[in-house]
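First up is the structure itself, then whatever we jot down about it.
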Amino acid sequence: MAATRIDCDIHPAVGGTRTTLLPYLSDHWKEQVVSRAIDGLDLNSYPPSMPLSGRADWRPADGRKPGSDLAMVQRGAFDQLGASHAICNVVYGAQAVFDPYMAADFCKAINDWIAAEWLARDTRLRASIVVPIQAPDLAVEEIERRAGDNRFVSVLVPSQGEMLLGRRHYWPIYQAAEKHRLPIAIHAGSAYRGAPSSIGWPSYRYEYYLAEAQAFQAQTLSLIYEGVFGKYPRLTVVLMESGVSWLPAFMWRANKTWRGVRVEVPWVEREPAAIIRDHFRVTMQPFDAPMDATGVADIIDQIGSDKMFLFASDYPHWQFDGDDPVPRYLPDSIVRRMCQDNPLETFPRLKLDS
């Protein structure tokens, strides 16, 4: 067997609600899907036709969505890009619909589909539990329903939802996640409950894409300052597809501001950067780093932790060209850790021999 190289972020695609999920929905929602012609709940933040959503050589020739064909994903993620194992993160609109009961049934269907038609067919695959984040009580039910299956190794939520994730509204989800040793995987994507930018709607998708880093920064601060890690000290958060190079300046400014106004949050007893190093992890595609060894070394040094980085290809999203998802100029010591040690520490349910 090849060296262990755990890809922490690949994207199986739901071919369509009626063609893919219908067998896994409850009778009520089967009838609703057919009678109301519900289909195509793809998030606007990841429309399948957008080039970023699928590299040309990773798009099925028959016009299906990139990531929808298991055999093609196996060739791409394992044979071409060199992963030994991979975590499936299904980015679909189930977490964006307003009806919480619809969202819950669709999330259940996604989890049952990925278990039956992907995980059961390839023992190298694992998955995140997709939950109806808009209804924390129903999200907890889904975590509990799937927690007995160790092939599910994290809980997936979008980076832009209805409110900041540190709010107590969501704490039951974190309690269940901590109980079952499931990190919270915050993935780029929006439910479009508000403007993607902090001051309004952009004119171009390019602006939205760059503004995603702002969403991750806001969620990170919210989780720290609301006291989530004081309440759930064993909880880990993975920032997926967030980029990496924004972290040094953000960590520095978070520390600086905390020193001046921490009287407002006395329960935050340590510098935010220290909490980030202990509780947050980042996937390494996209890396968004300088294209020189000195610049990359500076970013790694300023982040100040070799445990935060997780290998990821983001297949089939188009984040790099060629066959090597490892960003250029990373030190060998970082590459070794991010491909095996860090994923195994981050996802404690990730047993590679089962």
Side-chain angles (χ1 to χ4, degrees), residues 4-13 43 45-46 50-59 66-67 72-91 124-128 153-154 156 158-159 183 185-189 206 208-213 215-216 237-248 280-291 295-296 299-300 303 305-332 334-343 346-347 350:
T4 300
R5 197 183 203 192
I6 302 165
D7 191 333
C8 296
D9 188 34
I10 69 168
H11 297 290
L43 289 170
S45 48
Y46 280 98
M50 180 181 65
L52 181 68
S53 294
R55 212 169 82 174
D57 56 327
W58 294 337
R59 290 181 176 273
M72 193 169 186
V73 172
Q74 290 168 319
R75 289 194 298 272
F78 296 127
D79 300 338
Q80 181 184 8
L81 301 181
S84 61
H85 303 79
I87 299 173
C88 301
N89 295 301
V90 181
V91 178
R124 298 171 294 180
L125 292 174
R126 303 293 187 274
S128 294
V153 299
S154 54
L156 187 69
S159 62
I186 304 176
H187 196 283
Y206 178 71
Y208 159 78
Y209 183 68
L210 287 183
E212 275 280 11
F216 282 102
V237 173
V238 181
L239 306 180
M240 292 189 164
E241 215 168 313
S242 66
V244 178
S245 57
W246 55 269
L247 271 167
F280 286 82
R281 304 293 180 261
V282 290
T283 58
M284 294 294 274
Q285 283 294 349
F287 187 39
D288 296 340
M291 294 302 293
V296 170
I299 287 175
I300 299 299
I303 290 174
S305 172
D306 63 355
K307 296 182 178 181
M308 288 184 62
F309 309 115
L310 302 174
F311 170 72
S313 68
D314 197 29
Y315 180 95
H317 296 167
W318 192 359
Q319 304 289 3
F320 61 93
D321 294 316
D323 296 341
D324 190 0
V326 176
R328 294 178 66 188
Y329 305 119
L330 285 179
D332 289 342
I334 295 291
V335 174
R336 285 193 298 270
R337 281 205 62 92
M338 77 179 197
C339 288
Q340 178 175 347
D341 295 345
N342 291 350
T346 300
F347 303 95
L350 188 59

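If you read the sequence from its start, that first residue is 1, and numbering goes on from there. Every heavy atom of this structure was used, including side-chain atoms; hydrogens, water molecules and symmetry mates were not.
When the side-chain hydrogen bond (donor to acceptor under 3.5 Å, both in side chains) test is applied to Asp324, the partners found at least two apart in sequence or on another chain are Arg5. Every side-chain contact (heavy atoms from CB on, under 4.5 Å) that Pro158 has, sequence neighbours left out, goes to Gln95, Ile133. Not counting sequence neighbours, the partners of Arg55 by the salt bridge (charged side-chain N to carboxylate O under 4.0 Å, His left out) test are Asp57. Partners of Arg124 by side-chain hydrogen bond (donor to acceptor under 3.5 Å, both in side chains), not counting sequence neighbours, listed by chain and number: Asp122. Partners of Ser313 under the side-chain hydrogen bond (donor to acceptor under 3.5 Å, both in side chains) rule, at least two apart in sequence or in another chain, are Asp7. Here Phe347 pairs with nothing under the ring pair (Phe, Tyr, Trp, His ring centres under 6.0 Å) rule; sequence neighbours left out.
Rounding to the nearest 0.5 Å gives a distance of 7.0 Å between CG of Leu81 and CZ of Phe311. To the nearest 0.5 Å, the span separating CD1 on Ile10 from CD on Gln74 amounts to 9.0 Å. Rounded to the nearest 0.5 Å, atoms CZ (Arg336) and CG (Asp341) are 9.5 Å apart. Once rounded to the nearest 0.5 Å, the distance linking SG of Cys8 with CG of Leu310 reads 4.5 Å. Atom CG of Asp314 and atom CZ of Phe320 lie 8.5 Å apart (nearest 0.5 Å). Note that the CD1 atom of Ile334 and the CD1 atom of Ile303 stand 9.0 Å from one another [nearest 0.5 Å].
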Using the rule given for side-chain contact (heavy atoms from CB on, under 4.5 Å), can you reason through Gln319 versus Leu52, listing the C-alpha separation, both sets of side-chain angles and the distance that settles it, and then say yes or no? CA-CA 7 Å; Gln319 304 289 3; Leu52 181 68; 4.0 Å; yes
Evaluate Met284 against Val244 for side-chain contact (heavy atoms from CB on, under 4.5 Å), listing each step before the verdict. CA-CA 7 Å; Met284 294 294 274; Val244 178; 3.8 Å; yes
Determine, stepwise, if the pair Phe216 / Leu247 fulfils side-chain contact (heavy atoms from CB on, under 4.5 Å). CA-CA 10 Å; Phe216 282 102; Leu247 271 167; over 6 Å; no
Does the pair Leu330 and Met338 meet the rule for a side-chain contact (heavy atoms from CB on, under 4.5 Å), with working shown? CA-CA 10 Å; Leu330 285 179; Met338 77 179 197; 3.9 Å; yes
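Val282 has its side chain within reach of Ser242: a pair of non-hydrogen atoms, C-beta onward, lies under 4.5 Å apart.
The minimum heavy-atom distance between Ala13 and Pro66, with the atom names listed, is CB-O, 3.4 Å. The minimum heavy-atom distance between Lys307 and Ser305, with the atom names listed, is N-OG, 3.1 Å. Across all non-hydrogen atoms, the minimal contact from Gly76 to Gln80 is O-CB, 3.4 Å. The shortest non-hydrogen separation linking Phe287 to Pro327 is CD2-CB, 3.4 Å. Taking each heavy atom of Asp9 and Ala312 in turn, the nearest pair found is CB-CB, 3.9 Å. Taking every heavy atom of both residues into account, Val153 and Arg126 meet most closely at CG1-CB, 4.1 Å.
Taking the six-membered ring where the residue is Trp, Tyr315 and Trp58 present tilted rings, their angle falling between 30° and 60°.
Remark: side-chain polar atoms of Ser245 are paired, donor with acceptor, to backbone N or O of Asp288 under 3.5 angstrom. With hydrogens and angles ignored, the 3.5 Å screen pairs a side-chain donor or acceptor of Glu212 with a backbone N or O of Gly189.
Partner of Pro316 under the side-chain contact (heavy atoms from CB on, under 4.5 Å) criterion, chosen from Met72, Arg59, His11: His11.
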